[in-house]
Amino acid sequence: TGQRQLRTIKNVGALQMETNAVYPTLGNWVMATYHLPVSEIGAYEIYSVKDRKGLEFRTAAQAPPTIVVSCPRARLQWREDASATDNFVVGSDGHASICQRIDRDQDSGPTSDGLIQAVVEGYEPIEMTVVRLVNGHREVINLDGIQPQSIDDQTTPGEDLDSDQLKSVEKWSRYKTRTSAYTLSDTFLRPGEYVYKLESFRDAANHSVKMTDMNANGIFDGDEGKATPYMARIAVHRRPGVRWAEALLNAELPLRLSEDRARKSSYALPLSLLGVGPWTVNYVIVNGADVSQESKSFAKAVGAVIDANQPGVYHLVSVSDKHCVGQAEKTNVTLAHAPKPTANISATPITAHECGGEIGALIDLELTGRPPFAVHYRERNLRFPNSRAVTRVVRSQQRRHLFKVMPELAGTYEFEFFQLEDDNYPSGLPISSTIKQEIHAQPSAKIDTLSGRVPTRACMGEELELPVRLKGQGPWELVYNVVYENRRTAKTVTGITDESFTIQLGMFEQAGEYTVELAQVKDGNQCARDLLDVSTVINVREGGPRVSFQCPDNGVRVLDGEQAQIPIYVAGEFPVEVRYHKIGDASEQVYRATIRRKSQHSSSQVDSVAAYGPGEYELVSASDICAGTIDPQGARCTVHVEPKPSVWFATDHLHRDGEEQNPGIWRLHESCEGAALQSAFELGLSGSGPWKLEYRVDFWTATNARSGVPAFVDRTATHTLVALQSSTLKPECCEPGLYRYTLLSVSDERYQRPQRLLAAHEAVAPGAGVTVVEHVITKSPWAELRAYSPDGKPLDTSSRGSFRRRAPSIRHCLAPGQSRSDGDAQTWAKLHEHLPVFRIEFEESGQAPFQAWVEVFPASGPSEVVHLSDIPGYSQPITLPDHVASQIGRYHMRLV
């Protein structure tokens, strides 16, 4: 305001203080700095300072005032006066969107004013740093020294101020807070996302404010939600585009509209759309002076087409999508209406002076339309009113076409042209044009190929005939030539009255190529006509094919179930028919096979014929058009069937446990549990090795009461074995019980597919031996060494082959000085009655008779082994040596 305002602070000592210096010589005076609180902006000067005694301080002369300015503030905002050009819209979340701007020439001036402003308040000049992210690319914009676009002073001098006050206002005015707006210009030529962030700003007093919304790296990355005063986002949408699809541009233009049912009366013109749907496409149709404005909307880009059913030039103008309006590619598609074809038909007679009269007509077709053309007409001989008209078609690639009509029968002919076709109207349009002509037809003759009797190959000495058909007025006279090598023989046949005639050519005595030409025909009016290119070629051969079997030295060998092929050599003209039979076949059937040519460059080849089972086959005959010959050295071939592989168990080292009437299954000698196997099953093999065997092992445990019954088997496993000429099958071991081995299948080098085997206990035929054998592993005997008192009471001790625990001691007393040598036998017997009784007790799973070994050894000295053999039962007492029971000492016993 320019008015001085005095403020008083009574107790400065209570303020925050910083002591700068202390002066003890002056009574501890101090030099201190005090911080005076202020709450308003302005220029502050110290007017006076008094101490507590009321004495005033001296103040510095002409001390500059202390300036307090407002803290700078800034924000981003969208321009309120921004135009809505390019669909500029600010959304409810504060973010904006705009369509991609179109790059203009530099001469056209600026693209547009800026859309976003940075508004700052504070002590100028103010520097700002704005970060711009364009599709993630970071750019830093420093605003310093830029003239503001608008200035708003917060204060204005009063009108009643004196000169001193005005000077104060003028002095203070440069420190005033001002509000300035800086417009950030941007072209928005690139589509994508633009994010602006007010990162920091600083006023002229070096007061800095820095925004803190940074990521972990201290860089603003634009990841914000709603707009804030320091962050704004604008989405620049790519402008849509439209053009005709490539398939349409590659098509033959212009597109033709036709009323023909086989052509199109409308087209679906495909479009290629770019942008975000839905789209609206604007286009115009220019047909001469008529211009039609059209538009069509599309929800999806796929399958977008413009339906066109009227002729004209289709020009795409513009397209709009969900966000923006775009331009169309400057290409046009033309649809033209196809005109209907027309025909102008005229005829000129064809005359022949030697025959008199007209022999045909030369018809001239003048056509309009689009080639190719097809003209349909009906030909009718009015001489035969009840005959059916013949429909013919004349095709042409040119707009003018001449063709001759020379019928083979005389009469008045009517040529009725009734239909015209071109490329635009392939279904045809009706026309009406009729030409009549009196024709005296020339005679003609041709080889009757429809009869199927035209010879092309023949054998020497074979009677040949050539069928021909004649046209014209009979009777006829026919001249034909027979050409062989360099000789031409002309022959004439007269008095032919039938239109179908057969020339008797007779026999050709030499081999080679003969050509029969129809040279001239003369009708009953003595009108002669030379014939051109009416001939056939007959290849006369001296003999037929030669065939023989190409049989290997050992014959043809084949696997059982497969059909054999016998190789055969054939030389001659193909196809060749071969007949053969199997010698000794009761049915006496003769087989036939047709050998066809494999190579066009060879007159001989090796092929094959099928054999029907094993046996000896013999060639009977061979022929093509002539009877052939058979080589006696290759007339026969034998087919053998390879024997199937087989495998069996050899029984030389096996035995049976049953009786003679029911001997049972062959078995390997029994083995003990845990003992090494000393033998194996020997295999017998036939076929071509090596062999691959599959066998099954059925197992019944030793405790199974139904051992050997398949329904009660405990375990079954299938194994595979590769065997050589001499092989064995090693039996399984370890677990006691019954093992049954059954051979299931076998394959060898020839029979790769496994051949199933029958389960056989006996060799029923050579090569079909035993396929089921057994092996028994008996359980090892198990026993305990037990001690009993003389009255039969068990003592707590046992030994199973070793001291697995500390055995209890059994005490027995002898009288002092008593020994076996003392006293008589009766006294010793009484003493023996009181000794403990030791027994070996066997489990009942073992099989008697048993053997056992008991080791007795003193505490010191050598041990002694007691052997018990032929133990018949499951419990056996042990008789100890006499010296053990009659001598004082400590003895150990164990069942070993």
With a 3.5 Å cut-off and sequence neighbours excluded, list the donor-acceptor pairs that the side chains of residues 453-467 form with protein atoms.
unit_1 : atom_1 : unit_2 : atom_2 : d
Arg457 : NH1    : Glu573 : OE1    : 3.1
Glu462 : OE1    : Cys459 : N      : 3.0
Glu465 : OE2    : Gln504 : NE2    : 3.3

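When each of Glu416, Glu421, Arg392 is tested with His376 by the rule side chain to side chain donor-acceptor pair (under 3.5 Å), just one qualifies, namely Glu421.
Taking a 6.0 Å sphere around CD of Gln398, one finds it holds 12 or fewer heavy atoms contributed by other residues, nucleotides or ligands. Within 6.0 Å of CD on Gln752 lie more than 12 heavy atoms contributed by other residues, nucleotides or ligands. The number of heavy atoms from other shown groups lying within 6.0 Å of CD (Gln633) does not exceed 12. Summarising the local packing, CD of Glu379 is surrounded by more than 12 heavy atoms from other residues, nucleotides or ligands at distances under 6.0 Å. Annotation: Arg546, atom CZ; neighbour count of heavy atoms from other residues, nucleotides and ligands within 6.0 Å does not exceed 12.
Considering every non-hydrogen atom in both Leu257 and Gln310, the closest pair reads CD1-C, 3.7 Å.
Using modelled atom types and a 3.5 Å distance limit, the side chains of Ser500 and Arg469 yield a donor-acceptor pair. Inspection of the Asn424 and Ser258 side chains reveals no N or O donor paired with an N or O acceptor under 3.5 Å. At a cut-off of 3.5 Å, with distance as the only test, no side-chain donor of Thr351 or Glu358 sits close to an acceptor on the other residue. Counting only N and O atoms by type, the side chains of Asn539 and Glu513 include no donor and acceptor under 3.5 Å apart. No side-chain N or O of His581 forms a donor-acceptor pair with one of Gln589 less than 3.5 Å apart.
Under the 3.5 Å distance criterion, the side-chain polar atoms of Tyr377 are left unmatched by any main-chain donor or acceptor of Val394. Between the side chain of Tyr751 and the backbone N or O of Glu642 there is at least one donor-acceptor pair closer than 3.5 Å. With hydrogens and angles ignored, the 3.5 Å screen pairs no side-chain donor or acceptor of Tyr591 with any backbone N or O of Lys582. Side chain of Asn481 to main chain of Val483: no donor-acceptor pair is present (N/O by atom type, distance under 3.5 Å, no hydrogens or angles). In this structure a side-chain-to-backbone donor-acceptor pair under 3.5 Å is missing from Trp691 to Ser646. Side-chain atoms of Trp476 never come within 3.5 Å of backbone atoms of Leu470 as a donor-acceptor pair (strictly under, hydrogens ignored).
Applying the salt bridge (Lys or Arg N to Asp or Glu O under 4.0 Å) test to every pair with at least one member in residues 592-606, sequence neighbours left out, gives these pairs: Glu577-Arg592, Lys598-Asp607.
From Gln755, atom CD reaches atom CG of Asp560 across 8.0 Å, with rounding to the nearest 0.5 Å. Note that OG of Ser292 is 8.5 Å distant from OH of Tyr314, once rounded to the nearest 0.5 Å.
Between Tyr514 and Tyr484, the ring planes are parallel. Angles under 30° get that label, and only those over 60° would be called perpendicular.
A search for side-chain hydrogen bond (donor to acceptor under 3.5 Å, both in side chains) contacts involving Ser688 returns Arg750, not counting sequence neighbours.
Taking the charged nitrogens against the carboxylate oxygens, Arg529 and Asp523 have no contact shorter than 4.0 Å, which rules out a salt bridge. In summary, Arg400 and Asp364 engage in a salt bridge, as defined by a charged side-chain N under 4.0 Å from a carboxylate O. The pair Glu252-Arg370 meets the salt-bridge criterion, since a charged nitrogen lies less than 4.0 angstrom from a carboxylate oxygen.
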